[in-house]
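First the structure, in the form of structure tokens, and then the observations on it.
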Amino acid sequence: MTMTLERPTTIRPDIVQQSTRDAVDGLYAGDTVAAFRAIDAATADPTEHVHEWELSDEQRQVWEAGYMVGFQMAAPALMAEVASLRARLEQAEHDADRYYAEMCRRPAPAEPEHPTFAEISRARGEHDRAARHEATMDRMFPQYADARA
């Protein structure tokens with residue numbers, strides 16, 4: 001007894017090809033090697049080794065018509081995928097803008113206070129060295145001379 005992929009007839013014909021049915025029957029019959037070879041043959045792409053420039057004019061017209069029909073049939077799914085990807089891209093751009101605005105809104109973290117060279121020198125008891133350092137810094141950076149407390 002063999003089992004097949006029989007379906008009750010509906011308005012549209014069954015899309016399972018007879019060669020695929022035979023391959024499945026072979027699997028249930030126990031001849032797995034032949035069944036897998038049959039499945040490979042049944043599911044192989046017939047255009048896999050076809051190059052358009054090798055076709056005659058009549059064959060090229062058939063090939064182009066088939067391509068256009070296939071493309072038109074796939075167009076709704078492709079357009080839905082493009083719309084989905086576009087929505088994901090817009091969401092990612094929106095998130096990136098939001099993250100950038102949040103990053104720019106926050107102030108930079110405060111740097112920890114470190115003692116200056118002059119303060120360290122004073123702590124060591126080298127007051128003349130600290131005074132020379134402060135005078136040098138005031139000469140090099142006069143704009144910051146009044147900023148020291």
Side-chain angles (χ1 to χ4, degrees), residues 1-123 130 133-134 136-149:
M1 176 178 145
T2 61
M3 298 178 68
T4 61
L5 297 175
E6 293 295 330
R7 291 187 192 165
T9 56
T10 58
I11 296 173
R12 61 186 185 150
D14 197 356
I15 59 171
V16 177
Q17 302 297 321
Q18 187 60 40
S19 57
T20 307
R21 291 176 190 276
D22 295 339
V24 172
D25 288 344
L27 274 177
Y28 285 112
D31 188 6
T32 56
V33 174
F36 283 127
R37 285 183 182 149
I39 288 173
D40 286 343
T43 57
D45 184 6
T47 64
E48 189 172 345
H49 300 291
V50 174
H51 302 287
E52 185 180 357
W53 59 85
E54 296 174 346
L55 302 175
S56 67
D57 288 339
E58 294 84 16
Q59 291 172 332
R60 186 175 296 118
Q61 287 177 351
V62 171
W63 185 83
E64 288 173 355
Y67 180 83
M68 293 307 294
V69 168
F71 183 78
Q72 288 174 354
M73 290 176 64
L78 292 174
M79 294 307 290
E81 185 177 357
V82 167
S84 163
L85 292 173
R86 185 173 288 141
R88 287 178 56 195
L89 177 64
E90 288 173 0
Q91 181 63 41
E93 288 175 346
H94 174 71
D95 291 343
D97 291 342
R98 212 168 29 94
Y99 297 148
Y100 185 76
E102 180 65 20
M103 181 196 69
C104 292
R105 185 185 65 80
R106 293 182 182 176
E111 293 185 15
E113 289 293 323
H114 296 291
T116 64
F117 182 76
E119 292 169 349
I120 294 171
S121 297
R122 280 200 184 86
H133 177 72
E134 286 178 344
T136 303
M137 294 305 286
D138 290 344
R139 207 172 41 251
M140 290 173 61
F141 304 104
Q143 67 270 29
Y144 300 119
D146 297 332
R148 226 178 1 196

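We count residues from 1, following the sequence as given. These figures come from a predicted structure and were not determined experimentally. Any value given below was found using the heavy atoms of this structure, including those in side chains, with hydrogens, waters and symmetry copies removed.
Between the side chains of D95 and Q91, at least one donor-acceptor pair of N or O atoms lies under 3.5 Å.
Listed here is the closest heavy atom pair of H133 and A118: CD2-N, 3.8 Å. In terms of heavy atoms, S121 sits closest to A130 at CB-CB, 3.9 Å.
A salt bridge does not link E119 with R122: every distance from a Lys NZ or Arg NE/NH1/NH2 to an Asp or Glu carboxylate oxygen is 4.0 Å or more.
Atom-to-atom distance recorded for E54:CD and R60:CZ is 10.5 Å, nearest 0.5 angstrom. Interatomic distance, CG of D138 versus CD of Q143, reported as 10.5 Å (0.5 Å rounding).
Around the CE atom of M103, the shell of radius 6.0 Å holds more than 12 heavy atoms that belong to other residues, nucleotides or ligands.
Looking only at side-chain heavy atoms (C-beta outward), R86 and E90 come within less than 4.5 Å of each other.
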